[in-house]
Trainee: 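Take a look at this one; I'll ask things after.
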Amino acid sequence: MRRRTLLTGTVLSAVAGPVVGAGAARAADPGPSVTRIGSSRLDAQALFFVSYDGLVNNNSFQKNGLFTYKGYQYAAWYTADRNAVVGRRALGASTWSTVKVGHTLRYNDSHNVISMGVSKTDGRLHLNMDSHSDGFTYVKSVAGLLDNPAGLSWTTSRFGAPQSTLDGLALTSQFTYPQFISTPEGRLQLSYRVAVSGNGRNALAEYDGTRWTNLGEWTSSTGTYSSEHGSSTARNMYLHGIDYDGNGRLHAMFTWREQNGAVMCNGGGITNHDTGYVYSDDRGRTWRNNAGAVVGTTGSSDRVSVTDAGLVVDPLNADHSLMNQESQFIDSAGRPHAIISYVPGRFGQCTTNYVANRTANGRAFLVRKSSSGAWQKTEIPVPLNSSQRTKLVLDKYNNAYAIFPFGRIAGASVASGHTDWRILFDGAGLNAFGEVVIDEMRIAQDGVLSVMYQEKSSGTTPSALHVVDFRLPA
């Protein structure tokens, strides 16, 4: 399992037209569409500062910064005075009720997002926040708060005191990228990175309704990766997503980031390379490549490594400013899809300025597993005009939607094999800064795409934070 190869028979292919078996569309199924049905303002003066080209209230890796559960929608952000707050509203309502949870943001670092999760076993809301390769702050609600939102008041007293551990479980002194995921049984898992960019490992912890357990690390930072330019012996795996499908399989698409810039053609680029895929059928305890071979065991010395066979589904060297942590979504048949973005080779084979080159020539691509098991890739013919990330969602018919920076939305039909991309909403009137946060849960609940975005500002002048709602095909 230690030789880095592409998985035979599943090398990704580009498609330019409809693909037989690419989806399960029937003749009567509608194509993609969005109808704006409402908007609401969360905060007239939300915290604003630009760091790593992004905002702390709207970052792509902020999983469940906005979510829906049992008829209510929840959002988390930092106010102008740096207080962490959580808001909720009944679906369809235009006003939000907010509570402070007892924590203030420490640094002007856009990585220090607030991520939320629901433990369905006891109806608690969990928050993890304010972490970038250091400690974190954790807050949880009383039991049952999310199970009975209409009957329990929305007050600070419903939340426990901020903690620097998970109820006494200390994970790591270098913690980043909290992402909560619910297991099919209703347990809550926390995905996070140990250590630092270019030399870190992914890990999981799990809450069973009574206590947290650290399952351990499941990726490795060691091994040698070599390009035509040079080699690197340390890296980290950046997840595009980590999600369960309806049958209980846990999917993770990703890219690698090398520590050593010698793997690039120019120091102005970024060392991300390749798009990979692994899955787990035992709640994240063991990990398999696309062929089903075990390539890592969580908490053991044999973890998923850059040298493992069969991980890469779309090969790309480190010369094209490939984005990390973009977006993943699982379709109704349990097939993984991801959006990745980079500067295609037709614009040159060596990016020399990561931000400038991506802004001028970056393009997004849909990478997906088809019903035949083959991996396919389609360019989305919309200039990024940004160095930032694009979000992906699928509707009930498996039509695909790309939500670009500035709130632009493009769609492609499953009937075409996701090749007929067109702009559905141009972002007009939003004045959105860049990346947006998506409510993944609401799409399944009532077919509405809710998008959280923050208005453009300058310096550290606070700006308004909004949620806009779009009806998807019924």
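Note that the numbering runs from 1 along the sequence shown for the chain. The model shown is predicted, which means the values in this text are computed figures rather than measured ones.
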Trainee: Walk me through it: do F365 and Y342 pass the test ring pair (Phe, Tyr, Trp, His ring centres under 6.0 Å)?
Mentor: CA-CA 8 Å; F365 298 79; Y342 59 89; 4.6 Å; yes
Trainee: Should D43 and T79 count as side-chain neighbours, where that means a heavy-atom distance under 4.5 Å?
Mentor: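 Yes, side chains in contact.
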Trainee: Output, in order, the C-alpha distance, side-chain angles, deciding distance and verdict of salt bridge (charged side-chain N to carboxylate O under 4.0 Å, His left out) for R335 and D245.
Mentor: CA-CA 8 Å; R335 296 184 292 257; D245 66 22; over 6 Å; no
Trainee: Calculate, to the nearest 0.5 Å, the distance between atoms NE2 and OG1 belonging to H240 and T255 respectively.
Mentor: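 Nearest 0.5 Å value for the NE2-OG1 distance: 5.5 Å.
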Trainee: Does any non-hydrogen side-chain atom of W77 lie less than 4.5 Å from one of V85?
Mentor: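 Side chain of V85 against side chain of W77, heavy atoms only: contact under 4.5 Å found.
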Trainee: With no hydrogens and no angle check, just 3.5 Å: does a side-chain donor-acceptor pair link T351 and S321?
Mentor: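 Yes, side-chain donor-acceptor contact under 3.5 Å.
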Trainee: Taking L322's backbone N and O only, do any of them form a donor-acceptor pair with Y354's side chain (distance below 3.5 Å, no angle check)?
Mentor: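 No, because the side chain of Y354 does not come within donor-acceptor range (under 3.5 Å) of the backbone of L322.
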Trainee: Do side-chain atoms of E206 reach the backbone of W212 as a donor and acceptor pair under 3.5 angstrom?
Mentor: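 Side chain of E206 to backbone of W212: no pair is present.
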Trainee: If you take the centroid of each ring, where Trp contributes its six-membered ring, are Y277 and F254 closer together than 6.0 Å?
Mentor: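 Judged by ring-centre distance (under 6.0 Å), F254 and Y277 do not meet the cut-off.
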Trainee: Considering non-hydrogen atoms only, spot the tightest contact between Y453 and V436 and give its length.
Mentor: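 Closest approach of Y453 to V436, heavy atoms only: CB-CG1, 3.9 Å.
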Trainee: With distance as the sole criterion, is a donor-acceptor pair present between the side chains of Q328 and D243 under 3.5 Å?
Mentor: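 Side chains of Q328 and D243: pair found under 3.5 Å.
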Trainee: Would you compute the distance between atom OG of S387 and atom CE of M323 and round it to the nearest 0.5 angstrom?
Mentor: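 Here the rounded value is 6.0 Å.
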Trainee: Is any side-chain heavy atom of I330 closer than 4.5 Å to one of R249?
Mentor: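 Side-chain contact under 4.5 Å: no.
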Trainee: Using distance alone, with no hydrogens and no angle criterion, decide if S327 and R389 have a side-chain donor and acceptor under 3.5 Å apart.
Mentor: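 Note: S327 and R389 side chains miss the donor-acceptor criterion.
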Trainee: Has R88 got its NZ or CZ under 6.0 Å from the middle of the six-membered ring of Y74, at an angle within 45 degrees of the ring axis?
Mentor: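 R88 over Y74 ring: no.
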Trainee: R82 and N108: side-chain donor and acceptor closer than 3.5 Å?
Mentor: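 Note: R82 and N108 side chains meet the donor-acceptor criterion.
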Trainee: Regarding D308 and S305, do their side chains bring together a donor and an acceptor under 3.5 Å, going by distance alone?
Mentor: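 Result is no, nothing qualifies.
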Trainee: Would you find a donor on one side and an acceptor on the other, under 3.5 Å apart, between the side chain of S153 and the backbone of T155?
Mentor: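 No, the answer is negative, given that no donor and acceptor are paired below the 3.5 Å cut-off.
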Trainee: Distance-only, no hydrogens or angles: does the S227 side chain make a donor-acceptor pair with backbone N or O of V263 under 3.5 Å?
Mentor: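 Yes, because the side chain of S227 sits within donor-acceptor range (under 3.5 Å) of the backbone of V263.
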Trainee: Could you please spell out the steps behind the ring pair (Phe, Tyr, Trp, His ring centres under 6.0 Å) verdict for F329 and H337?
Mentor: CA-CA 5 Å; F329 208 92; H337 298 57; 8.5 Å; no
Trainee: Within 45 degrees of the axis of the six-membered ring of F433 and under 6.0 Å from its centre: does K456 put its NZ or CZ there?
Mentor: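 Relative to the ring axis of F433, which defines the angle, K456 lies outside at least one limit.
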Trainee: So do the side chains of W421 and V382 get within less than 4.5 Å of each other, counting heavy atoms only?
Mentor: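 Contact flag for W421/V382 side chains = no.
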Trainee: Closer than 3.5 angstrom, by distance alone: can the side chain of S60 be matched with the main-chain N or O of E326 as a donor-acceptor pair?
Mentor: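 Checked: pair present.
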Trainee: Closer than 4.0 angstrom, basic N to acidic O: yes or no for D331 and K369?
Mentor: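 A salt bridge is absent here (no side-chain N lies under 4.0 Å from a carboxylate O).
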Trainee: For R283, does its backbone N or O pair with a side-chain atom of R285 as donor and acceptor, under 3.5 Å?
Mentor: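 Pair found, side chain donor or acceptor close to backbone of R283.
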Trainee: Please confirm whether the backbone N or O of P178 pairs with a side-chain atom of S115, one donor and one acceptor, at under 3.5 Å?
Mentor: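 The answer is yes, because a donor-acceptor pair under 3.5 Å joins these two groups.
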Trainee: From N64 CG over to N128 CG, what is the distance, rounded to the nearest 0.5 angstrom?
Mentor: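 It is 12.5 Å, given to the nearest 0.5 Å.
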Trainee: Drop me the distance from N266's CG to C350's SG, to the nearest 0.5 angstrom.
Mentor: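 With rounding to 0.5 Å, CG (N266) is 5.0 Å from SG (C350).
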Trainee: Could you tell me the separation between the OH atom of Y107 and the CG atom of N112, rounded to the nearest 0.5 Å?
Mentor: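 Between atom OH of Y107 and atom CG of N112 there are 8.5 Å.
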Trainee: Given the rule in the salt bridge (charged side-chain N to carboxylate O under 4.0 Å, His left out) test, do K140 and D167 qualify, once you have shown the distances and angles that lead to the verdict?
Mentor: CA-CA 9 Å; K140 71 177 182 181; D167 294 336; 2.8 Å; yes
Trainee: Does a donor on one side chain sit under 3.5 Å from an acceptor on the other, for S463 and Q454?
Mentor: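 Yes, side-chain donor-acceptor contact under 3.5 Å.
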Trainee: Nearest 0.5 angstrom please: D122 CG to R124 CZ, how far?
Mentor: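 If we round to the nearest 0.5 Å, D122:CG and R124:CZ are 5.0 Å apart.
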Trainee: Do T275 and L316 have side chains that get closer than 4.5 Å, going by heavy atoms?
Mentor: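 A side-chain contact is absent here, since even the closest heavy-atom pair is not under 4.5 Å.
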Trainee: Any luck finding a side-chain donor-acceptor pair between H273 and N317 under 3.5 Å?
Mentor: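 There is no such pair (donor and acceptor under 3.5 Å, judged by atom type) between the side chains of H273 and N317.
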Trainee: For a side chain to side chain donor-acceptor pair (under 3.5 Å) check, start with the C-alpha distance between H229 and D319, then their side-chain angles and the critical distance, and finish with the verdict.
Mentor: CA-CA 10 Å; H229 311 295; D319 295 340; 2.7 Å; yes
Trainee: Would you say the side-chain atoms of S220 and R235 include a donor-acceptor pair closer than 3.5 Å?
Mentor: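 There is no such pair (donor and acceptor under 3.5 Å, judged by atom type) between the side chains of S220 and R235.
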Trainee: Any chance the side chains of N353 and N357 put a donor and an acceptor closer than 3.5 Å?
Mentor: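 Note: N353 and N357 side chains miss the donor-acceptor criterion.
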Trainee: Assess whether salt bridge (charged side-chain N to carboxylate O under 4.0 Å, His left out) is satisfied between R442 and D469, documenting all intermediate values.
Mentor: CA-CA 10 Å; R442 189 174 185 188; D469 300 321; 3.4 Å; yes
Trainee: Parallel, tilted or perpendicular: which fits the ring planes of H111 and Y52, with parallel below 30° and perpendicular above 60°?
Mentor: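 If you compare the ring of H111 with that of Y52, the planes turn out perpendicular.
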Trainee: Taking the side chain from N59 and the backbone from Q62, do they hold a donor-acceptor pair closer than 3.5 Å?
Mentor: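 No, the answer is negative, given that no donor and acceptor are paired below the 3.5 Å cut-off.
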Trainee: Is K63 salt-bridged to E440, cutoff N-O under 4.0 Å?
Mentor: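 Yes.
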Trainee: Can you list, pair by pair, the side-chain donor-acceptor contacts under 3.5 Å of residues 403-411, counting residues two or more places apart and other chains?
Mentor:
| unit_1 | atom_1 | unit_2 | atom_2 | d |
| --- | --- | --- | --- | --- |
| R408 | NE | P405 | O | 3.2 |
| R408 | NH1 | P383 | O | 3.2 |
| R408 | NH2 | L384 | O | 2.9 |

Trainee: If you compare all heavy atoms of H103 against all heavy atoms of T137, which two are closest, and at what distance to 0.1 Å?
Mentor: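 Heavy-atom minimum between the residues: CE1-OG1, 3.2 Å.
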Trainee: So, R89 side chain and A93 main chain: donor-acceptor pair closer than 3.5 Å or not?
Mentor: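 At least one qualifying donor-acceptor pair exists.
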Trainee: Using side-chain contact (heavy atoms from CB on, under 4.5 Å) as the criterion, list what pairs up with N199, not counting sequence neighbours.
Mentor: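 Per chain and number, N199 pairs via side-chain contact (heavy atoms from CB on, under 4.5 Å) with V196, S221, A234, Q259.
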Trainee: Side chain of R193, backbone of N202: donor and acceptor closer than 3.5 Å?
Mentor: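 No; zero donor-acceptor contacts below 3.5 Å.
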Trainee: Can you confirm whether the side chains of Y207 and H126 place a donor and an acceptor under 3.5 Å from each other?
Mentor: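 The answer is no; no qualifying pair exists.
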Trainee: Do R187 and S119 touch side chain to side chain, with heavy atoms closer than 4.5 Å?
Mentor: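 When only atoms from C-beta onward are counted, S119 and R187 do not touch, as no gap falls below 4.5 Å.
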Trainee: Could you check if a side-chain atom of L66 sits within less than 4.5 angstrom of a side-chain atom of S450, using non-hydrogen atoms only?
Mentor: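 The answer is yes, as the side chains (C-beta and beyond) meet within the 4.5 Å cut-off.
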Trainee: Is any NZ, NE, NH1 or NH2 atom of the basic residue among R41 and E455 found under 4.0 Å from an Asp or Glu carboxylate oxygen of the other?
Mentor: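 No, no charged N to carboxylate O under 4.0 Å.
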Trainee: Under 3.5 Å, is there a donor-acceptor pair between the Q73 and D439 side chains?
Mentor: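 The criterion, which ignores hydrogens and geometry beyond distance, is satisfied for D439 and Q73.
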Trainee: Quick one: are N290 and W375 in side-chain contact, heavy atoms under 4.5 Å?
Mentor: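 In contact.
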Trainee: Can you list everything that forms a side-chain contact (heavy atoms from CB on, under 4.5 Å) with S231? Sequence neighbours excluded, please.
Mentor: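 For S231 the side-chain contact (heavy atoms from CB on, under 4.5 Å) partners, ignoring immediate neighbours, are T224, S226.
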Trainee: Compute whether any side-chain donor of one residue and acceptor of the other, for S232 and E258, lie under 3.5 angstrom apart.
Mentor: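 E258 and S232 do have a side-chain donor-acceptor pair below 3.5 Å.
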Trainee: In terms of the angle between their ring planes, are F175 and Y192 parallel, tilted or perpendicular, with boundaries placed at 30° and 60°?
Mentor: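 Plane angle under 30°, so parallel.
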Trainee: Test salt bridge (charged side-chain N to carboxylate O under 4.0 Å, His left out) on D274 and R257 and set out the steps.
Mentor: CA-CA 9 Å; D274 296 324; R257 175 176 293 179; over 6 Å; no
